[in-house]
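What follows is a set of notes on a single structure, which appears directly below.
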Amino acid sequence: MHQQKRQPELVEGNLSVFVFPTELIFYADDQSTHKQVLTLYNPYEFALKFKVLCTTPNKYVVVDAAGAVKPQCCVDIVIRHRDVRSCHYGVIDKFRLQVSEQSQRKALGRKEVVATLLPSAKEQQKEEEEKRIKEHLTESLFFEQSFQLGLITMAILRT
């Protein structure tokens, strides 16, 4: 019996989409973060076309929001935050990258990337440092309690 090799059937919405980073954080007080880059990778043997959609397109500029990616290549997609106001702090926006085969119209895969505007990088770093200190104190307390419990257990066993 002769088996014929054929390309697997690509089901709509089933293709894995590889994009990095998966989260964008913009800081109001750091203008260098107002422009960020998403990299879309195509590890496949066929060309892909892509489209970038956004839940709040009035807040962002997406340079080259649609295009193509050659097989085993990648493209950079520049995203600029253009509405840096305090009323947007902490709001989570979403970008959706849809990909399809170059010759097809149906979307074969999609990936969502979240974007958040925060007031200050310094404030964020301070919060992360406080969180690390709390975790360290919790671990130390747990270790100390475990050690004391061990000593008590040893004392009980000796009697």
Side-chain angles (χ1 to χ4, degrees), residues 1-139 142:
M1 213 184 220
H2 179 65
Q3 287 187 332
Q4 187 177 0
K5 256 189 175 181
R6 57 185 194 152
Q7 188 174 3
E9 191 76 23
L10 294 173
V11 180
E12 186 171 356
N14 217 19
L15 191 72
S16 293
V17 177
F18 300 93
V19 64
F20 183 81
T22 55
E23 179 181 23
L24 300 174
I25 298 177
F26 300 90
Y27 296 104
D29 69 342
D30 184 357
Q31 197 167 1
S32 69
T33 68
H34 297 183
K35 177 176 134 181
Q36 296 195 31
V37 176
L38 285 178
T39 303
L40 175 63
Y41 298 90
N42 178 5
Y44 303 107
E45 299 289 330
F46 51 90
L48 293 174
K49 63 181 179 181
F50 70 89
K51 183 189 281 188
V52 181
L53 307 168
C54 183
T55 55
T56 50
N58 55 324
K59 286 168 56 175
Y60 301 92
V61 173
V62 180
V63 179
D64 298 327
V69 192
K70 294 177 184 174
Q72 272 125 36
C73 289
C74 62
V75 294
D76 287 339
I77 303 162
V78 177
I79 296 179
R80 272 193 207 98
H81 201 302
R82 67 174 177 190
D83 193 1
V84 182
R85 291 184 290 156
S86 61
C87 61
H88 298 305
Y89 292 172
V91 176
I92 297 173
D93 299 318
K94 293 181 183 174
F95 291 92
R96 176 179 285 167
L97 283 87
Q98 286 185 178
V99 299
S100 57
E101 234 181 320
Q102 193 83 41
S103 58
Q104 301 282 321
R105 290 190 69 149
K106 64 180 179 178
L108 293 176
R110 61 183 53 92
K111 183 77 158 202
E112 287 194 353
V113 174
V114 296
T116 311
L117 174 66
L118 298 177
S120 171
K122 292 174 187 141
E123 196 173 295
Q124 182 71 14
Q125 289 169 346
K126 183 179 170 188
E127 286 176 16
E128 287 172 5
E129 182 62 25
E130 286 172 358
K131 184 179 174 187
R132 276 194 295 277
I133 290 169
K134 283 179 186 175
E135 287 172 356
H136 178 72
L137 289 173
T138 303
E139 288 171 9
F142 175 76

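Atoms considered below: every heavy atom in the structure, side chains included; atoms not considered: hydrogens, waters and symmetry mates. Keep in mind that what you see is a predicted model, and the values were worked out from it rather than measured.
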For this session: Let me see the working for Leu15 and Leu48 under side-chain contact (heavy atoms from CB on, under 4.5 Å), right down to the final yes or no.
Result: CA-CA 11 Å; Leu15 191 72; Leu48 293 174; 4.0 Å; yes

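- Partners of His81 by ring pair (Phe, Tyr, Trp, His ring centres under 6.0 Å), not counting sequence neighbours, listed by chain and number: Phe26, Tyr60.
- Within the 4.5 Å cutoff, the side chain of Ile77 has no heavy atoms near those of the Val19 side chain.
- Residue Gln104 places its CD atom among more than 12 non-hydrogen atoms of other residues, nucleotides or ligands, all under 6.0 Å distant.
- Closest approach of Ala107 and Ser100 over heavy atoms only: CA-CB, 4.2 Å.
- Side-chain contact check for Val78 versus Lys35: some heavy-atom pair is nearer than 4.5 Å.
- Checked against ring pair (Phe, Tyr, Trp, His ring centres under 6.0 Å), Tyr44 has the following partners two or more places apart in sequence or in another chain: Phe46.
- Shortest non-hydrogen contact noted between Phe50 and Ala68 is CE2-N, 3.6 Å.
- The distance from atom CD of Gln98 to atom CD of Glu112, rounded to the nearest 0.5 Å, is 10.0 Å.
- Of the options Leu24, Ile92, Asp93, a side-chain contact (heavy atoms from CB on, under 4.5 Å) to Val114 is made by Ile92 and by none of the others.
- Considering Leu38, Thr39, Leu40 in turn, Leu40 is the only one that fulfils the side-chain contact (heavy atoms from CB on, under 4.5 Å) rule with Val75.
- Atom CG of Asp64 and atom NZ of Lys51 lie 14.5 Å apart (nearest 0.5 Å).
- The structure places CG of Leu97 at 11.5 Å from CZ of Arg110, a figure rounded to the nearest 0.5 Å.
- The backbone N or O of Asp29 sits nowhere less than 3.5 Å from a side-chain atom of Ser120 that would complete a donor-acceptor pair.
- In terms of heavy-atom proximity, Tyr89 sits nearest to Ala28 at OH-CB, 3.4 Å.
- When all heavy atoms of Val91 and Cys87 are compared, the closest pair comes out as CG2-O, 4.1 Å.
- Heavy-atom contacts from other residues, nucleotides or ligands closer than 6.0 Å to CG of Asp30 number more than 12.
- The structure places CG of Leu53 at 13.5 Å from NZ of Lys94, a figure rounded to the nearest 0.5 Å.
- Nearest heavy-atom pair, Arg85 versus Leu117, reported as atom, atom and distance to 0.1 Å: O-CD2, 3.7 Å.
- The minimum heavy-atom distance between Lys49 and Glu101, with the atom names listed, is CE-O, 3.7 Å.
- The backbone N or O of His34 sits nowhere less than 3.5 Å from a side-chain atom of Arg80 that would complete a donor-acceptor pair.
- Between the side chain of Lys111 and the backbone N or O of Val99 there is no donor-acceptor pair closer than 3.5 Å.
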